[in-house]
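Inspection log for the structure reproduced underneath, given as structure tokens.
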Amino acid sequence: MKTAAFGDVLRLSYGKALKQADRSGGGPIPVVGSGGIVGWHETGLTPGPTVVVGRKGSIGSVTWVDGPAWPIDTAYFVESIGEGVHLRWTYWLLQSLGLNGMNKSAAVPGLNREDVYRLTIPLPPLEEQRRIAAILDHADALRAKRRQILAHLDSLPFAILRSALGQLAGRSVTPRPAAGQPAGFTWVKLTDVARLATGHTPDRKRPEYWSGDISWLSLPEIRALDGQVVERTAFQVAQAGIDASSAVVLPAGTVCFSRTASLGFVTLMGAPMATSQDFHNWVPGPRLHPEYLMAALRSSRNHLIAGSDGSTHRTIYQRAAQKFHILLPSRETQNEIAVFSKCLREQRTQAQQSVAAHDELFASLQARAFRGEL
């Protein structure tokens with residue numbers, strides 16, 4: 001396959017600064033920075049479809065705009081030298097070059113276009129470029145559909161609660177009982193139907209307290225576990241660490257609600273384990289199904305965060321958690337919601353696996369495309 005120096009066929013032109021006031025109107029032209037669209041304007045710098053490359057901040061990020069755009073001064077936009085390069089092919093080429101690893105500034109990340117110009121790139125005939133771009137576009141569209149399915153599955157647990165609770169779904173857990181309740185539901189104090197427990201961190205300077213066989217849930221992993229059943233955590237502690245600290249081993253079925261920093265994320269213990277002090281841990285009693293509690297806490301996340309304290313790190317303190325009330329349906333209704341939640345979680349796992357498989361396929365196609373193997 002024919003090759004060329006990037007700078008012999010493509011130019012990275014500087015974007016132009018645009019005041020915030022001039023990009024906050026309702027114009028039809030997207031204003032694009034290093035991380036994507038940052039506003040709208042009445043006119044564009046580019047006359048047609050545009051590829052924008054991050055220069056400062058999110059260096060090397062690549063944004064496609066299917067029409068005129070106004071790239072600002074934290075970004076470059078791509079222009080062809082001559083007629084030998086297809087723009088959509090160029091977009092996929094830039095995605096494959098690893099430009100985000102070409103940082104030249106220690107203080108503020110920056111992409112030097114002269115470094116990019118020296119890169120050697122494949123340059124197949126124009127018709128071949130169009131064919132490659134069409135293949136990658138089609139594969140990318142399939143990836144997007146899989147992600148849409150995953151996003152839909154993520155929203156369904158909240159839809160289930162909304163169908164049962166109506167407008168109260170987003171406030172099914174609250175510091176104080178809200179006005180009104182659906183038929184068959186009652187407001188109860190959460191501590192009347194679940195035991196509130198906390199966690200602790202064993203001394204990290206004592207290696208004998210760690211690398212045991214007891215899972216220990218920590219704040220950095222809670223976002224990925226939100227809405228999931230956790231069977232094993234990234235960190236394991238030894239019984240000696242539990243005995244020498246305020247940490248306790250909580251039973252399977254405990255619902256963990258992050259109370260600070262990554263605030264309001266919820267997971268359900270699928271096995272006995274301990275947690276750090278960053279969680280309010282709820283051990284449900286016989287009147288409360290763990291799956292229902294997890295769904296209620298997740299649907300109420302924004303409402304609970306709004307009532308948190310602190311300016312730097314929002315926190316829900318234990319005295320506030322002790323006042324939580326929950327909108328409680330019959331155990332039969334809770335069981336039905338739990339069955340739906342479990343089925344959705346299984347479907348979500350399958351969808352995640354499908355997304356990962358399509359991402360892997362796309363990466364393979366992209367690599368082959370620019371090795372001349374498609």
Side-chain angles (χ1 to χ4, degrees), residues 1-16 18 27-102 111-144 362-374:
M1 181 191 296
K2 181 182 176 182
T3 61
F6 186 104
D8 289 342
V9 292
L10 293 164
R11 178 186 297 112
L12 297 178
S13 298
Y14 285 103
K16 186 176 180 181
L18 190 66
I29 305 299
V31 179
V32 188
S34 62
I37 295 175
V38 295
W40 300 87
H41 193 52
E42 293 294 336
T43 59
L45 281 181
T46 65
T50 309
V51 180
V52 179
V53 179
R55 182 177 71 87
K56 294 286 187 181
S58 299
I59 72 163
S61 65
V62 184
T63 302
W64 170 266
V65 182
D66 198 17
W70 186 295
I72 60 174
D73 55 346
T74 61
Y76 299 116
F77 61 95
V78 179
E79 294 183 296
S80 176
I81 300 173
E83 302 295 330
V85 184
H86 186 258
L87 191 61
R88 188 65 181 176
W89 177 86
T90 302
Y91 168 75
W92 291 120
L93 170 71
L94 287 163
Q95 293 271 21
S96 74
L97 290 179
L99 300 180
N100 58 347
M102 299 179 68
L111 179 66
N112 187 323
R113 62 181 178 176
E114 297 301 326
D115 292 337
V116 181
Y117 287 165
R118 286 190 286 270
L119 295 176
T120 299
I121 61 171
L123 193 62
L126 196 56
E127 202 54 45
E128 179 68 3
Q129 294 177 33
R130 293 193 181 96
R131 187 182 74 86
I132 289 170
I135 292 172
L136 294 177
D137 281 345
H138 180 69
D140 188 54
L142 291 177
R143 287 199 304 169
F362 183 83
S364 174
L365 281 173
Q366 193 173 29
R368 290 169 57 197
F370 297 108
R371 290 198 305 262
E373 297 175 4
L374 277 187

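Each residue takes its place number in the sequence, starting with 1.
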To the nearest 0.5 Å, what is the distance between CZ (R88) and CG (L93)? 13.0 Å
Would you check if the distance from the ring center of F362 to the ring center of W92 is below 6.0 Å? yes
Report yes if the side chains of V9 and I81 come closer than 4.5 Å at any heavy-atom pair, otherwise no. no
Within the structure provided, determine whether I59 and L99 are in side-chain contact (heavy-atom separation under 4.5 Å). no
Are the side chains of V32 and V65 in contact, using a 4.5 Å heavy-atom criterion? yes
Can you see which heavy atom on P122 is nearest to which on F370, and at what distance? CG-O, 3.6 Å
Taking all atoms of both residues into account, what is the closest heavy-atom pair of T50 and L87, and its distance? N-CD2, 4.1 Å
To the nearest 0.5 Å, what is the distance between OH (Y91) and CG (D137)? 8.5 Å
Where do D140 and R143 land on the side-chain contact (heavy atoms from CB on, under 4.5 Å) test, with the steps shown first? CA-CA 5 Å; D140 188 54; R143 287 199 304 169; 2.8 Å; yes
When rounded to the nearest 0.5 Å, the distance separating OG of S61 from CG of L111 is 9.5 Å
Inter-residue atom distance L12.CG - F6.CZ, 0.5 Å rounding: 4.5 Å
Compare every heavy atom of E42 with every heavy atom of I29, then report the nearest pair and how far apart it is. CG1-O, 3.7 Å
Mind checking the NE2-CD spacing from H86 to E127? Nearest 0.5 Å is all I need. 9.0 Å
So does R11 get a backbone contact from the side chain of Y76, meaning a donor-acceptor N/O pair under 3.5 Å? no
With a 4.5 Å limit on heavy-atom distance, are the side chains of T43 and W70 in contact? yes
I'd like to know if the side chain of S34 reaches the main chain of K56, judged simply by a donor and an acceptor atom lying under 3.5 Å from each other, with no hydrogens or angles considered. yes
With V85 as partner, the option from L126, I121, V78, T90 fulfilling side-chain contact (heavy atoms from CB on, under 4.5 Å) is T90
Minimal non-hydrogen separation, G84 against L123, with atom names: O-CD1, 4.2 Å
side-chain hydrogen bond (donor to acceptor under 3.5 Å, both in side chains) for S13 and E79? Distances and angles first, verdict last. CA-CA 7 Å; S13 298; E79 294 183 296; 2.5 Å; yes
Taking Y117 for its side chain and L10 for its backbone only, find out whether a donor-acceptor pair lies under 3.5 Å. no
Residues G67 and T46: closest non-hydrogen pair is O-OG1, 4.4 Å
Indicate yes or no: at least one non-hydrogen side-chain atom of R368 is less than 4.5 angstrom from one of L365. yes
Please assess T63 against V51 for the test side-chain contact (heavy atoms from CB on, under 4.5 Å), listing each intermediate value before the final yes or no. CA-CA 6 Å; T63 302; V51 180; over 6 Å; no
Compare all side-chain heavy atoms of T74 with those of R55 and state whether any distance is below 4.5 angstrom. no
Closest heavy-atom contact between P124 and W89? CD-CZ2, 3.6 Å
CZ (R371) and CD (Q366) are apart, to the nearest 0.5 Å, by 11.0 Å
Salt bridge flag under 4.0 Å for residues K16 and D73: no
Under a 4.5 Å cut-off applied to non-hydrogen side-chain atoms, are W64 and V52 in contact? no
